[in-house]
Amino acid sequence: MARERYNFREAEPRWQKAWEAAGSFEAGPADGRPKAYVLEMFPYPSGRIHMGHVRNYAMGDLVARYKRARGFNVLHPMGWDAFGLPAENAAMAKKIHPGQWTYDNIATMRGQLKTMGLSLDWSREIATCHPGYYRHQQKLFTEFMKAGLVDRKEAWVNWDPVDLTVLANEQVVDGKGWRSGAPVEKKKLSQWVFRITEFADELADALDGLERWPDKVRLMQKNWIGRSEGMRMRFALAGRQDELEVFTTRHDTIFGASFMAISPEHPLAAELASDDPELSGFIADCQRMGTSEEVIERAEKLGYDTGLFAIHPFDGRKLHVYVANFVLMEYGSGAIFGCPAHDQRDLDFARKYGLAIFPVVIPQDADVATFKVVDEAYKGDGRIGNSDFLDGMTVEEAKNEVATRLEAMGRGTRTVNYRLRDWGVSRQRYWGCPIPVIHCGDCGIVPVPDDQLPVELPQDVTFDKPGNPLDHHPTWKHVACPSCGGDARRDTDTLDTFVDSSWYFLRFCSPRDDAPMDKEAVGYWMPVDQYIGGVEHAVLHLLYSRFFTRALKRCGYVDFDEPFAGLFTQGMVTHETYKGPDGIWLEPSEVERDADGTVRAIAGGGAVSTGRSEKMSKSKKNVIDPERIIAEYGADTARWFMLSDSPPERDLEWTDAGVAGAHRFVQRLARMVGDALDDLPAPGSAMPGEFSEAAMTLRSAVHKAIDGVTGDIEAFHFNRSVARIHELANAVGGFVPADAADRWAQREALESLVLLVNPMMPHLAEEMWHVLGHAGLAADAPWPVADAALVVEETITLGVQVNGKMRAKLAIARDASREAVEAAALADDNVQRAIGELSVRKLIVVPNKIVNIVVG
RNA sequence: GCCCCAGUGGCGGAACUGGUAGACGCGGCAGACUCAAAAUCUGUUUCUCGCAAGGGAGUGGGGGUUCGAUUCCCUCCUGGGGCACCA
């Protein structure tokens, strides 16, 4: 009998209130259950939630609710990554305080998230811009200082000329600032760094143990850390007391050296430039050159002959020392020996300046006497030649020999070099965590003592001039030195916001504790069992958090190394893009599709060109507002669609048809339960002793679905879970009960369906659970268990191939004997026709899979 | 340039360690219900030859291993991502 349509507008808020009233999702203390810490990357409060958030939290909530149903004590918290530049930009544009802007946004977004019906423990909510959070971060900073993990470095930094702040290497994307997009300049500044390089080896090695991380992310981190084994060699300089140190991984090619090159930022270059105007002009030119891809691609190798000579350690040759634009100060020692025959850059340089090219690695099939390198450096393997005592050795043997000899001579050491740099954390910004340090003329650098924490941000700041408002503030920076009481000055820089997100997952374990974290709570909940977020954080946030955890371990706060045991990186939500006749981007709501598929603008009817589906972005106007979707279709529909169409790790294309389909399924499930209701036995009725064949078929479908969905959720194949639930719904929908036992099976099927759907569409599940006569919450119901006997089919369909071509399908008992299978296969008419006059050469039977008859 | 990943119907995608390619959804087509429409339900839907039974082709291209390849190997093409003057 027909029931009313399921009214999600009324039901969703009702169940949200029911969960809240029951405190269903507040994580309790350790009880007998195993724990599961499920976390999605916390959002930046930019203003409103977007579809990426919806996808992220739909997945996280699925995992959290599933784990709860499986009997885990679940921690599933939410917070706000609330410091950052957009708040200051808003302050400038709208004359509103960054704090005000941020807290307003948090209120809006919290409200939006609550309409999604997520199983979050809101009692643990934190915001990184709150002094109750950042005071602990300041404490940790001073602890890191004590532990020698913080350095103050005068260094060449990446300077964003638009945001007027320093950027970490990780924040320079293609030579441009990751936020402003402005070409990054080089600037020498004194700033605070975290000594992440001290952990480079460990951070790289431990990646192998992160088995539940995507290989891709592990590889990206590994490449980012960029370990390379080589040696540091010191060359004597003719006529000088000091030496020139270079880093190389190709010491086997030492006899191929024909010049030396140092970076324009090398101290020796600076020294020589002081009385050489031409050289200082050359250095200035180099620094003006950008670091973007295009510039580097086109840039010519340029050098300046300093007139100095380095002495070859083995044959005493004098090698010209150049200042060269392609040598990086930040890598190795900022100096190289040039071996043109075996390095393309060195070769380009040598050809430009007419320097000698000595091949010293000879390919297997080439002859030492005739092998020449002309346009292309030889980077392959071979035997060493033209190299005195190294002649005839392999590359590896030669490396060893050179290293051993140089070490004996005191001219070199074997070493490991990393691409990874220390993490510069000073930012010349207002809306961040103040660095708890005071500069005193007499005492030097003094950390702010614990009893003076937090160093709070002043409220009365102005944003009317460029640069750092904290520095402009009339009084804030002037303080008494905690050590001598004299006049001193606060550090006016704030911490990179990536520091805020490097430990928030620890704070969630004891969010209101007086200390940064409670060791017992952290010990119980950590590590995060399942972390979910976008790949864009593969190196930045995830690497910093791994470092931070190790640093905290050194300071005695935690006793583990890795914060995230399981990581899942979800794909983006994309949408088709539309461009109107005038070349202007149009919103999806501004276009319509004709019956024949052509797209035109609603206003004016002009032809619209459709672009490929891309990540939703305001600039391309291909954005769908989740709030509108939830209002129109409900949270369950939005969540179901997010999980349906694509594998979670891949991009998901948002389509109106897809959402409409998801919504139809919501209504169909509700209708199915309503229609069956009147004839069902009471909940918990005893299982009948016997079932009809139809009932057994249904029960088998039910238990296979339970088994399959469970496996798919565990493996993060949510789209397959969805497909299986559809299959089950089809089976239940097509079932017509004839007797009481059938109706028992029907209830079993409907209840299983509700419980399987519960982690994905929790409101609908609660509603149906209630309609089915249960007093408790579906959120508290245990996960259904598959009966193994019903999962396995008695009769299977076996394919029969003749010479690898499928010719017939046999219905046969599972685990039938080989003889029976062979006989049945050969008895088939189609098989006989395919064999024809030919004779059977071989008969392959793969039990329960396939039969292949080879004839000839 | 180096390193990864992906390529399957009209579309999104299934196919676990080599074993019945196309599950499930979207869209299409046909039908039922209806005065009609919407909604819903049923059937059908890789291409191709055939009335049918049945045959042929088919997982980006080419080659290989195998009784058997979407799956493994080589090679090329296309798309995406990461790194990049890293010595």
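Labels below follow one simple rule: chain letters A, B, ... track the order of the sequence lines, proteins then strands, and each chain is numbered from 1. Heavy-atom basis, side chains included; hydrogens, waters and symmetry copies ignored.
Nucleotide B:G1 holds its C1' atom 15 Å from the CG atom of A:Leu347, rounded to whole Å. For the pair A:Arg671 CZ and B:A39 P, the interatomic distance rounds to 12 Å; values are reported in whole Å. Atom CG of A:Leu207 and atom P of B:C4 are 16 Å apart (whole Å). A straight line from CG of A:Asn417 to P of B:C86 spans 13 Å, rounded to a whole angstrom. At whole-Å resolution of the value, CE in A:Met672 and C1' in B:U40 are 14 Å apart. The separation between A:Asp651 atom CG and B:G79 atom C1' is 12 Å, rounded to whole Å. The CE-P distance, from A:Met642 to B:G12, rounds to 18 Å in whole Å.
The base-pairing partner of B:C83, taking Watson-Crick or G-U wobble contacts with both distances under 3.5 Å, is B:G1.
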> How does each nucleotide of nucleotides 21-28 of chain B score, in 5' to 3' order, for protein heavy atoms under 4.0 Å: base (B), sugar-phosphate only (S), or none (-)?
Replying inline: S-BSSSS-
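Taking the side chain to side chain donor-acceptor pair (under 3.5 Å) definition, one finds that A:Asp656 meets it with nothing, sequence neighbours left out. With sequence neighbours excluded, the residues forming a ring-ring contact (aromatic ring centres under 6.0 Å, His included) with A:Phe665 are A:Trp640, A:His726, listed by chain and number. Under the rule for a ring-ring contact (aromatic ring centres under 6.0 Å, His included), the partners of A:Tyr378 that lie at least two apart in sequence or sit in another chain are A:Phe371. For A:His537, the ring-ring contact (aromatic ring centres under 6.0 Å, His included) criterion is met by A:His541, not counting sequence neighbours. Remark: A:His312 engages A:Phe255 in a ring-ring contact (aromatic ring centres under 6.0 Å, His included) (not counting sequence neighbours).
For the pair A:Arg807 and B:G55, the criterion of a side-chain N or O lying under 4.0 Å from OP1 or OP2 is met. Between B:A87 and A:Arg419, no contact under 4.0 Å exists linking OP1 or OP2 to a side-chain N or O. For B:G54, the OP1/OP2 oxygens have a side-chain nitrogen or oxygen of A:Asn830 closer than 4.0 Å.
Residue A:Arg345 places its side chain closer to B:C85 than to any other of B:C85, B:G68, B:A57. Side chain of A:Lys805, nearest nucleotide from B:G19, B:G82, B:A57: B:A57. Closest approach to the A:Phe326 side chain among B:A14, B:C85, B:G55 is made by B:C85 (side chain taken as heavy atoms from C-beta onward). Residue A:Val327 places its side chain closer to B:A87 than to any other of B:G19, B:A87, B:C85. Picking from B:A87, B:C86, B:G12 the nucleotide with the shortest atom distance to the side chain of A:Ser646 gives B:G12. In this structure, of B:C83, B:U40, B:A87, it is B:C83 that holds the atom nearest to the side chain of A:Trp224. Here B:A14 is the nucleotide among B:U20, B:A14, B:A84 with the atom lying nearest to any side-chain atom of A:Pro647.
Counting non-hydrogen atoms under 4.0 angstrom, A:Lys216 reaches the backbone sugars and phosphates but no base.
Taking the nucleotide of RNA chain B with the nearest heavy atom to each of A:Asn223 and A:Ala834, the more 5' of the two is matched to A:Asn223.
Other residues, nucleotides and ligands place no more than 12 heavy atoms under 6.0 Å from the CZ atom of A:Arg841.
Not less than 6.0 angstrom separates the ring centroid of A:Phe259 from the ring centroid of A:His320.
Here B:G64 is in the anti range [glycosidic angle more than 90° from 0].
A donor N or O paired with an acceptor N or O is found under 3.5 Å between the base of B:C86 and the side-chain atoms of A:Arg421.
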